[in-house]
Structure formats: structure tokens, C-alpha cells
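Comments concern the structure below.
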Amino acid sequence: MCGIFGIVGRNARIAEGLVERGTQSLAHRGPDDSGTIILRDSVPSPVEIGLGNRRLAILDLSPLSHQPMHDAETGNWMVYNGEIYNFRDVRRELEQTGTNFVSHSDTEVLIKAYARWGEGCLAKFRGMFAFAVWDARRHSLFLARDPMGIKPLYYAQSGPYFLFSSEVRSLLGTGLVAPRIDHAGLINYLTFGSSYDPFTLLEGVHALPAGHTLTWTDGTCSASPYWDLVDEGVDRKHASAISAENQQLAVVQLRSLLEEAVRMQLVSDVPVGVFLSGGIDSSALVSILSRGGVTPSTFSIVFREPEFSEAEHSRAIAQEFRTDHHEINVSQEDARAAIPDALRAMDLPTLDGVNAYFVSRETRAAGVKVALSGLGGDEVFAGYTSFRTVPRMERFARFWKHMPRSVRGSFASAFAALSRENDQNRKLASLARENGRVPHPYFLSRMLFTPSQRDMLFPRTDAAIAEFADASQRALLRKSLPLDPVNRVSYLESRCYMLNTLLRDADFMSMSQGLEVRVPLIDHLLAKSVLALPGAWKLNGTPKKLLVQALGGSLPDQIVHRRKRGFTLPFERWVRQELRSEIEPVLAAKRINSGPLGGLLDAVQVEQVWKDFLRGAVSWTRPWSLYVLQRWCELHLR
């Protein structure tokens, strides 16, 4: 696990020290080793290539795994961030073709696999990765990001320079990227609490989408997909007719895939722990490991305040499976005190993230360098309430579409006037009146500010920019349409909220502490297999029914049927009380107008969001999101 940085200059020299500075800005991601190289090429144009790597040593801790790594046979150079969990299988296949190795690392397997199969090597890998190869024979730079988007990869074009990095801030720090806010990224942030790929909050800086490659050749870039959760042109609506006998067979096959994914992600030359909350997802990991003969070390955050502690459930699982259990005792005050550091750790502003920062910090402090997480279980196995509510909203939207526009407008106005003023009712009114501005009810379920609210906060929005910002969501929606309603939500949750919020937050918050987090429940082959099963199988009384069935009844009933609750902190109270003296001045009109957001956000409307929160008309997430946005911009865009 690492941080990578690179720059290519066409007919341009790379400034002295730039590659070193860009690489060192990622030191928190890789505290164990550092390396840079500057290469020169002259075909078809004079080119300088700078590559840098910061290493968190997990596999083959020897110097033989140092990066940038060179392949003497091809002349290729590579920097790489991630883990290829099945690298030993790929290595054996390469050795059978006569390939020789000098290290025991997955890094060398990756560069040799690229030399053998080119882009086709991506079909061989199971893991999380973002890497760059300078292809010496083709005189081109090749970038790739893993199928599920677990590891990030950002890039920018600045005059004759092409840059890439694991983090946006390192690109900004080169001085080649202007500190200007991207309007499409800002629209995404106000809508969802995070910018959605391929946009970031910085103008000219893009995220390489999950399951995509990018090739730079002589100043020209071309990006293309190589994998997705669903294959275009495949109609799966008939899948609901699959028989009960086939369902039983599917559960057996799912159990095998689950066990393989979890076992595979234990590959490491340092100890691997498990985040254990006591919920179904993390408990599933422990159950699978125990059934495979592994006694895992488990780590739980335990609050001293009983109303926030999940110790009862995590202890029950630890006792059931006899794990080497560790409890990290903290208080609410400990968590609240971590907020300033969490804000500084954000590579991009996010509504979430503080929880991920705190868990990562405490786990790393306990001596853990690699941890398995149950992240993604809700998206893959239909654990959110959205799997029930969004299909109902779909049916309402289809009915509503056939109503005369005058009736819709009158009803929406009456509903808004008579219903209680809160976020949920505001969304329902938006569903009735927005006339196509919300692409699908799923996006409404995840919205922070509705399009009308967003227009008031960001009055400079024009229709063309808003449509541009929505383009990726509409493309994902089109891909999901052949799916049944439950699987459509699963696909959209995986490619929207999970990708752009949960995985991004988990990456930069854990890597800020030098901690590697692995997510077996979204192994790409496993996730695709589950998505191919009928949605009706996933919602039938038992929470996450397919996952529970695949575990063969190994989880206690008290875990399976417990009230769903994530790692929660009392933000509603904190924003209203303990954090008020910090947040209120940041959202004041004078502060907004004088900062990087001045001239973009309507400062009066920002203040109004704060006032609406104080009187109970909106939830804490609305002012908090604006506070985080303003503080991030103040920290990085001055």
C-alpha cells in the first residue's frame, strides 16, 4: 500500500525538486520507504517523465520491492498503490511462460504481468490498486484503477504537463494546478456531500473512474472502461423467476466465493486485524475466518458512554468465535477532539469521514497495520433502508409522471405548505415538482440539498453546468435500467455513495495514519455474482438474507436481528452545543464572502441554513457539510 505521484512533460523540462516534493507530500501514505526517478524519451517528441512512490510495506518487506520499479527486459518503469491478493497465482502462471523474478512482491508480479499481457493483465488481478507504467516501447504512460474503485487515482493536464497522484492535494501543491473551484464538482458536493467521479472540487483535476484505464501518448490522453458490475445489453429482469432449487445452489456458490475473497485478503507479511463492530458484516468476516481455521485478532472501538457503545455485540462475537479481541476504550470527548485533525486529513471535503478518521487513528495506535473491514456489505447485500424505499418511490414517480403538470404543481405546493418542515418532506416535495431535474428517486434519497435549495446556495449555477455535473449519474442510471428495482439500487449505491463517499473517506482517512484497510465484501467477482442474483432473494424478512444464508447459520440471532446501527457519534448535539462556537463564525456571511467560496456561494443563504438548523427545520448534516466545505477551502485554496 502506497502513495504514487507522477508527471510527464512534453517538450518541457520538469522543475528541479518537483517530483521529490510531490512524492514527499504523500509521506503519510507510505512511511516506510520513498523513491523517485526522472526518465527521458525522445520519440516521437522530447519527453521527461517523473515517477515517485511512498511505501507502506505490507508484502515483501525487503528492499527488492523498492519503487519506482524497473523491468530490465522491457525498459518499463512502474509506481503502484494497492495489493494484488492473488499475485502468487499470477506469478505461477508467469513462471510457466519462463518469466523470472528477483523479489517476492506483488509489485514485481504486476510489472511482469503488464510486460506479458499489456492491458490484458487487468483481467488476471483480484485486489485493490492504482498504478502507472511508463511503457518504454510504446513511449506512453499507462494508468489503471481497480474495478471497484477502492484505491483512488487523480490526474490533471496543465499546459505541456500531465500529472497524476493518489491525492488531489499533492497535485495542487505542485503549483501547476490552479487553486480554483470546479463548478460541476461544487454542484455534486452540495447535492450529495462529496464530489462524484470524474469530478473533484478542483478545476482541471479529474478522478480516473473505477474500472478504467488511461493512456497518455505524445500529449494526448484517452480513457476507457475495462470492467463494470453489470454488462451492458444484458436484461436481468427475468431473473426473479429462478427456482428455489437454484437459489439453494446459488447460496452454496456464494459461500465459496465469500470464503475465497476473505481468505485471499489475508495475504500479508505483517499481522492482519479485523474491525469488529458486532454488526452482520464485520461478524461475517470473523465467522468465515474462524470456519477456515484462522483465529483472527479483532479490534473494537468501545465508548465509555453506554448509549453509544456497541461493546455488548462485539464481545458476543469475540466470545462466540474465540478471537484475540482488543477493545479500544474512548470517550465522546476523545472523538470530538479529533475533529480538527480529521479535517486536515481530508484530501477532498466530505460530509462523512470523521468516524473513519477516528477508527483508523485508534486502530493504528493499537499496533495494527492492516485491517479487514465489512465496508460494502450494505451495498452488495441490500442492507440499507433505500432498498425498500427507493422501489416504492419509483412506483410513485411512474404514477406521478402521467398526472397533468398543473395538478402536480398544485399538489406539490400544497404538500410543501401543509407538511412539517423537515428534510424528508422537502425531498418528497422535490420529487413532485422538479420535473426531471432529479434523474431517479435513488439520487433523491441520497441528496443533501435538493436542486431548488442548491440553486439558492449556488446562484451562479447554469443549466448547462448542472447537466454536465449530472452526466455521470445519468450514465450510471442508464446502465442500471435492465436490473430489477433492488439490484438497481445495489448498483447505484455501489457506484455512487459507496465509491465517492465511503471508499474515498476510508482511503484518505486510513492512509493518513499509515493504516491499510481491506474490504473483502466488495471483491469484484463476489460483488458481480451477487448483483446477478434476483433482488427478491435479498429482501425477505432476514436482514441481508443472502449473506446470512451463506454463513450457514453461524451468526447468533442477537447479531442478525439487532437494530441496525453504524459507528455513530452525537453530531446533532455537538453541532448545536459543543461545536457551535466553532461552526457559527465559519458560516457567517463575512467569512464566506472573504474566503475562497466568496462570489460562488450566497452567503445569506449559507447563514439561513444555519438558522434553519437551530430552529429544527433541517438536520445537522446540512450546516456541517457547508462548514467542512468552507474549512477545506480555507486550508487548501488560499
Side-chain angles (χ1 to χ4, degrees), residues 251 254-255 257-266 271-330 355-356 358-360 362-364 366-368 370-384 502 506 510 515 517-523 526 541-569:
V251 169
L254 174 58
R255 179 180 305 154
L257 271 173
L258 271 168
E259 291 173 349
E260 181 182 51
V262 174
R263 182 178 64 252
M264 189 179 292
Q265 296 197 23
L266 288 177
V272 178
V274 180
F275 286 153
L276 179 60
S277 68
I280 292 175
D281 300 329
S282 61
S283 300
L285 301 180
V286 173
S287 170
I288 292 167
L289 290 172
S290 298
R291 191 162 56 212
V294 176
T295 301
S297 295
T298 52
F299 295 83
S300 299
I301 301 291
V302 176
F303 280 110
R304 297 190 182 100
E305 296 83 358
E307 64 269 30
F308 294 102
S309 180
E310 296 187 287
E312 172 191 353
H313 305 293
S314 56
R315 287 171 187 165
I317 289 296
Q319 292 169 4
E320 176 78 16
F321 296 103
R322 297 181 174 86
T323 73
D324 178 20
H325 191 53
H326 307 263
E327 291 187 347
I328 304 168
N329 288 279
V330 297
N355 292 358
F358 188 70
V359 171
S360 298
E362 297 304 309
T363 303
R364 188 69 183 92
V368 181
V370 180
L372 302 187
S373 165
L375 189 155
D378 285 314
E379 289 78 8
V380 173
F381 294 100
Y384 292 131
L502 297 183
S510 63
L515 173 72
V517 174
R518 300 178 177 180
V519 280
L521 297 184
I522 56 170
D523 168 84
L526 170 64
T542 302
K544 303 181 192 175
K545 184 178 180 181
L546 282 179
L547 177 57
V548 172
Q549 286 181 323
L551 296 174
S554 62
L555 295 187
D557 285 346
Q558 71 181 87
I559 300 300
V560 173
H561 296 287
R562 60 171 285 200
R563 180 174 172 267
K564 182 174 174 58
R565 175 177 155 194
F567 180 74
T568 56
L569 296 172

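For the numbers below, each heavy atom of this structure counts, side chains included, while hydrogens, waters and symmetry mates do not.
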For this session: Give, for atom CZ of Phe358 and atom CD1 of Ile328, the distance between the pair rounded to the nearest 0.5 Å.
Result: 8.5 Å
Exercise. Between CG of Leu547 and CG of Leu555, what distance do you get to the nearest 0.5 Å?
Worked result: 7.5 Å
Exercise. Do you know which two heavy atoms are closest between Leu526 and Ala261, and how far apart they sit?
Worked result: CD2-CB, 4.5 Å
For this session: Might you work through the side chain to side chain contact (heavy atoms under 4.5 Å, CB included) test for Phe275 and Ser373, ending with a clear yes or no?
Result: CA-CA 5 Å; Phe275 286 153; Ser373 165; 3.8 Å; yes
Seminar exercise, completed: Looking only at heavy atoms, the pair that brings Ile559 and Ser283 closest together is CG2-OG, 3.7 Å
Problem set entry | Side-chain donor or acceptor of Ser300 paired with backbone N/O of Leu276 under 3.5 Å | yes
Seminar exercise, completed: On a heavy-atom basis, the closest approach of Gly273 and Val368 is N-CG1, 4.3 Å
Exercise. Could you go step by step and tell me if Leu289 and Thr323 meet the side chain to side chain contact (heavy atoms under 4.5 Å, CB included) rule?
Worked result: CA-CA 10 Å; Leu289 290 172; Thr323 73; over 6 Å; no
Problem set entry | Side chain Arg291, main chain Leu551, donor-acceptor under 3.5 Å | yes
Exercise. Got a second to check how far Ile317's CD1 is from Leu285's CG, nearest 0.5 Å?
Worked result: 11.0 Å
Problem set entry | Separation between CZ of Phe299 and CD of Glu327, rounded to the nearest 0.5 Å | 12.0 Å
Problem set entry | Donor-acceptor contact below 3.5 Å, side chain Ser510 vs main chain Ala506 | yes
Seminar exercise, completed: Heavy atoms of Ala550 and Arg255 approach each other most closely as O-NE, 2.8 Å
For this session: Report yes if the side chains of Pro543 and Val560 come closer than 4.5 Å at any heavy-atom pair, otherwise no.
Result: yes
Exercise. Is there a donor-acceptor pair under 3.5 Å between the side chain of Ser314 and the backbone N or O of Ala311?
Worked result: yes
Exercise. Rounded to the nearest 0.5 Å, how far does NZ of Lys544 lie from CG of Asp281?
Worked result: 3.0 Å
Exercise. Hey, does Glu379 have a side-chain heavy atom less than 4.5 Å from the side chain of Leu502?
Worked result: yes
Seminar exercise, completed: Rounded to the nearest 0.5 angstrom, the CZ-OG1 distance for Arg322 and Thr298 is 13.5 Å
Problem set entry | Heavy-atom closest contact (Leu521 atom, Leu375 atom, distance) | CB-O, 4.2 Å
Problem set entry | Gln265 versus Leu372, closest heavy-atom pair with distance | O-CD2, 3.8 Å
